[in-house]
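Written below as structure tokens is the structure these notes are about.
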Amino acid sequence: MPYYVGFNSLDHMSVVRTCTQASLGDGVISVLAFWSGAAIARSRGWIYTLPISSTVTYLASGVVVTIFMEWLATEIWDRWEYASIMPELPILGTGMLPMLQWLILPPLILWVARQQTLTSQPKAIYS
């Protein structure tokens, strides 16, 4: 929270509501990015092989949507404002923390989802 202005002055539930909305938005971005990767692979099963083209599409679409949503939130809707300690991308002005969040968490999400779906595959029963 120290990287954003104004959250100290809000009541607890307003902060929870804002953070929950942002988290839900991040989830939607992740799902849309997944389907972007699936569109490139022409299969939702791309997660099993993680082809470069789908993985790059997944990450790139998430980055583009994140940049756009941060711009809307900070410049158009005035939902939040970066504090002076928030490092920002040159020219774009997007905060580095939202960008790092997208560059670190989604590859981890892909890996975990892949591991979970591979291990939950039904095993053939031989008699």
Next on the checklist: Let me check something: do I109 and V56 share a hydrophobic cluster, defined by ILVMFWY side-chain heavy atoms less than 4.5 Å apart, either directly or through other members?
Outcome noted: no
Next on the checklist: How long is the straight-line distance from OG of S61 back to CZ of F34, given to the nearest 0.5 Å?
Outcome noted: 11.5 Å
Item to check | Smallest separation among heavy atoms of G6 and S9, with atom names | outcome: O-OG, 2.9 Å
Checklist entry - Would you say I67 and L103 are hydrophobically clustered, going by side-chain heavy atoms of ILVMFWY under 4.5 Å? => result yes
Item to check | Worked verdict on Y82 versus Y3 for side-chain contact (heavy atoms from CB on, under 4.5 Å) | outcome: CA-CA 6 Å; Y82 299 137; Y3 292 93; over 6 Å; no
Checklist entry - Taking atom CD of Q101 and atom CE of M96, what is their separation to the nearest 0.5 Å? => result 12.5 Å
Checklist outcome for this item: Contacts of V112 meeting side chain to side chain contact (heavy atoms under 4.5 Å, CB included) (sequence neighbours excluded), chain-then-number -> L108, Q116
Next on the checklist: Test your reading of the model: is there a side-chain donor-acceptor pair from T18 to the backbone of V15, 3.5 Å cut-off?
Outcome noted: no
Checklist outcome for this item: The reported gap from SG in C19 to CH2 in W80 (rounded to nearest 0.5 angstrom) is 9.0 Å
Checklist entry - Can you name the residues that form a side chain to side chain donor-acceptor pair (under 3.5 Å) with Y4, not counting sequence neighbours? => result none
Checklist entry - So, does W71 use its side chain to make a donor-acceptor pair with the main chain of T94 at under 3.5 Å? => result no
Next on the checklist: Can a donor-acceptor pair be found, under 3.5 Å and without considering hydrogens, that links the side chain of R44 to the backbone of A38?
Outcome noted: no
Next on the checklist: Distance check, rounded to the nearest 0.5 Å: I29 atom CD1 versus L24 atom CG?
Outcome noted: 11.0 Å
Item to check | Heavy-atom pair with the smallest gap, counting every atom of T57 and S53 | outcome: OG1-O, 2.7 Å
Item to check | Shortest non-hydrogen separation from L50 to R114 and the atoms involved | outcome: CD1-CD, 3.7 Å
Next on the checklist: Is there a path of hydrophobic side-chain contacts, each under 4.5 Å between heavy atoms, that joins V63 and L89?
Outcome noted: yes
Checklist entry - What about I76 and V65, same hydrophobic cluster or not, with Ile/Leu/Val/Met/Phe/Trp/Tyr joined at side-chain heavy-atom distances under 4.5 Å? => result yes
Next on the checklist: Is it the case that atom CZ in F7 sees more than 12 heavy atoms from other parts of the structure closer than 6.0 Å?
Outcome noted: yes
Item to check | Heavy-atom donor-acceptor pair, S30 side chain to D26 backbone, under 3.5 Å | outcome: no
Checklist entry - Stepwise, does the side-chain contact (heavy atoms from CB on, under 4.5 Å) test hold for M99 with T66? => result CA-CA 7 Å; M99 290 304 300; T66 296; 4.2 Å; yes
Next on the checklist: Quick check on the hydrophobic clustering: are L32 and M69 connected, directly or via other members, by side-chain heavy-atom contacts under 4.5 Å?
Outcome noted: no
Checklist outcome for this item: Residues L59 and P106: closest non-hydrogen pair is CD2-CB, 4.1 Å
Checklist entry - Taking all non-hydrogen atoms of both residues, which atom of G62 and which atom of A33 are closest, and how far apart? => result N-CB, 4.2 Å
Item to check | Criterion side-chain contact (heavy atoms from CB on, under 4.5 Å) on T74 and R79, from CA distance to verdict | outcome: CA-CA 6 Å; T74 58; R79 297 270 324 227; over 6 Å; no
Next on the checklist: Checking L110 against W46 for the side-chain contact (heavy atoms from CB on, under 4.5 Å) test, could you report, in this order, the C-alpha distance in whole Å, the side-chain angles of both residues, the deciding distance, and whether it holds?
Outcome noted: CA-CA 10 Å; L110 279 181; W46 70 274; 3.7 Å; yes
Checklist entry - What closest approach, in Å, do P2 and I85 show between heavy atoms, and which atom pair accounts for it? => result O-CD1, 3.5 Å
